[in-house]
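The block underneath contains the structure these notes are about, expressed in structure tokens.
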2 protein chains.
Amino acid sequence: MSTSVQAPEQAGRAYHHGDLRSALVCAAVARVEEVGAEHVSLRAVAAEVGVSPSAAYHHFADKDALLGEVAAQGLHQLVIAVSAEVEAIPAGSREAAMLRFRAAGQAYVSFALSHPQLFRVAFSPYCLEQPGVPTTDDGSVPVLSALLNDLVNTGGMNAAVRDDSEDVFVATLHGLATLALQGMIPADRVPQLLAKVEQLIGVNP
Amino acid sequence: MSTSVQAPEQAGRAYHHGDLRSALVCAAVARVEEVGAEHVSLRAVAAEVGVSPSAAYHHFADKDALLGEVAAQGLHQLVIAVSAEVEAIPAGSREAAMLRFRAAGQAYVSFALSHPQLFRVAFSPYCLEQPGVPTTDDGSVPVLSALLNDLVNTGGMNAAVRDDSEDVFVATLHGLATLALQGMIPADRVPQLLAKVEQLIGVNP
DNA sequence: CGCTCATCTGAACATCATCAAGTTTCATGG
DNA sequence: CCATGAAACTTGATGATGTTCAGATGAGCG
């Protein structure tokens with residue numbers, strides 16, 4: 001459940017060198033998930049870590065920069081979550097490729113619904129101010145790109161269809177997740193809609 | 001460009017009855033578009049209208065409620081913008097239905113790209129706290145629902161395909177708009193992708 | 001003319017982001 | 001082993017912010 005950002009080794013210890021930067025990001029992520037990015041205060045985050053508010057300014061230019069890191073973390077965790085579900089299914093056959101594809105879609109939406117605030121901040125303006133975030137060329141979610149390659153290679157998808165399908169698929173997935181989060185699409189219809197997407201996009205059973 | 005929310009009739013006039021509530025929402029919308037919802041201050045909005053900060057509390061429970069109204073306004077303006085583009089094309093023939101369908105998609109994305117901050121706040125948690133916002137049954141964007149009906153009626157789309165296609169189409173549209181806004185899909189690829197979506201969703205030329 | 005009520009103001013409070021200056025801690029080289 | 005300097009953190013302060021509340025103000029009604 002936790003990721004690359006670690007809490008300090010020993011609690012209660014005086015910090016100074018125990019990688020405060022990561023600890024702050026970690027606490028900020030937690031706080032964002034609790035109350036949403038718009039209600040997070042720098043001071044509360046610092047207090048949770050047991051440090052004075054100004055300490056944060058030795059690691060981040062301002063509050064927005066901290067939230068930018070949270071956004072990057074959110075994107076990262078999303079990729080991790082999707083990858084984990086996909087890689088839990090051994091690759092190889094065409095059937096496997098399809099199962100992995102399906103798992104990716106479900107994992108994407110599941111992540112959004114189980115970490116709503118983190119998902120939201122990951123696609124907020126905060127992550128725009130952030131360098132090193134996966135952009136277009138990188139593919140918004142590289143895992144998905146790889147999955148489509150697998151599908152094509154194992155014959156589960158027509159190669160000619162692939163290129164445009166990638167962005168469309170990613171967009172649909174993201175839209176479903178967002179609208180479901182917003183309550184504009186009932187969450188229980190999502191699996192059915194995902195199946196429909198598969199069919200439309202040209203995944204051959 | 002402006003919508004149902006009006007500025008007071010005469011500038012410089014003492015308010016007191018000139019519909020402060022609407023004026024505040026209007027100013028808040030402007031402020032959101034300038035600096036983004038996360039950087040809007042209640043005080044600045046009040047000042048822009050020429051009123052003391054506390055006056056706002058006679059019309060809104062708190063700042064979040066004001067931003068909730070802004071979110072609702074954003075959704076409303078989105079619907080208006082899409083409707084306007086669609087209705088600029090006279091209905092009737094099958095070809096017209098298709099053109100209208102295409103116009104709707106383009107209008108949706110255009111609105112997102114030209115009013116990024118307003119679009120974002122419209123699909124933020126703020127509008128969840130808001131009653132009377134179009135939800136599932138209403139259809140997230142009712143215009144789109146009507147458009148699909150037209151397509152089916154004029155033979156531009158198979159009726160059997162329609163039902164699931166609606167949510168998928170809306171989701172894809174929304175995903176495209178969101179990711180384009182985020183820079184995760186190049187804006188200049190959007191028209192091409194919209195065409196692809198049309199084809200996938202089963203619009204018959 | 002005077003009453004009343006919703007509307008708005010003023011001043012106040014707690015909290016917030018941010019910064020300048022001081023203080024602690026640590027690693028390092030003599 | 002200890003002085004030295006840089007980096008990490010704290011203290012204290014400043015101005016802006018959200019929010020509250022007691023009162024002023026003005027409109028409409030009797």
Quick one: on DNA chain D, does B/His58 or B/Val40 contact a more 5' nucleotide (nearest heavy atom)? B/Val40

For A/His39 and C/dT15, give me the distance from atom NE2 to atom C1', rounded to whole Å. 14 Å

Separation of B/Leu66 atom CG from D/dG18 atom P, in whole Å? 10 Å

Would you say B/His59 reaches C/dA6's phosphate, i.e. side-chain N/O to OP1/OP2 under 4.0 Å? no

Output the rounded distance in Å from CG (A/Leu20) to C1' (C/dT25). 14 Å

Minimum heavy-atom separation for B/Val190 to B/Ala180, with atom names? CG2-CB, 4.0 Å

Which heavy atom of B/Glu69 sits nearest to which heavy atom of B/Val25, and what is that distance? CB-CG2, 3.9 Å

In this structure, how many angstroms lie between the C1' atom of C/dT15 and the NZ atom of B/Lys63, rounded? 13 Å

Shortest non-hydrogen contact from A/Ser114 to A/Pro116? C-CD, 3.3 Å

So what does B/Ser52 touch, heavy atoms closer than 4.0 Å: a base, only the sugar-phosphate, or nothing? base

Can you tell me how far apart CD (A/Gln77) and CG (A/Leu118) are? Round to the nearest 0.5 Å. 5.5 Å

Proximity to the side chain of B/Tyr57 - top-ranked nucleotide from D/dT20, D/dT11, D/dA8: D/dT20

How long is the line joining CD of B/Glu38 and P of D/dG18, in whole Å? 14 Å

Tell me if the side-chain of B/Arg43 makes a donor-acceptor pair with the base of D/dA16, cut-off 3.5 Å, by modelled atom types. no

Expressed as a whole number of angstroms, how long is the span from A/Arg31:CZ to C/dC16:C1'? 14 Å

In whole Å, what is the span from the CG atom of B/Asp64 to the C1' atom of D/dT19? 12 Å

Could you tell me whether the side chain of A/Ser54 has a donor or acceptor atom within less than 3.5 Å of a complementary atom in the base of C/dT18? no

I'd like to know if B/Ser41 reaches the base of D/dG18 with its side chain such that a donor and an acceptor end up less than 3.5 angstrom apart. no

Exercise: do A/Arg120 and A/Gln182 side chains pair donor with acceptor under 3.5 Å: yes

What is the separation between atom CZ on B/Phe60 and atom P on D/dT20, rounded to the nearest whole Å? 15 Å

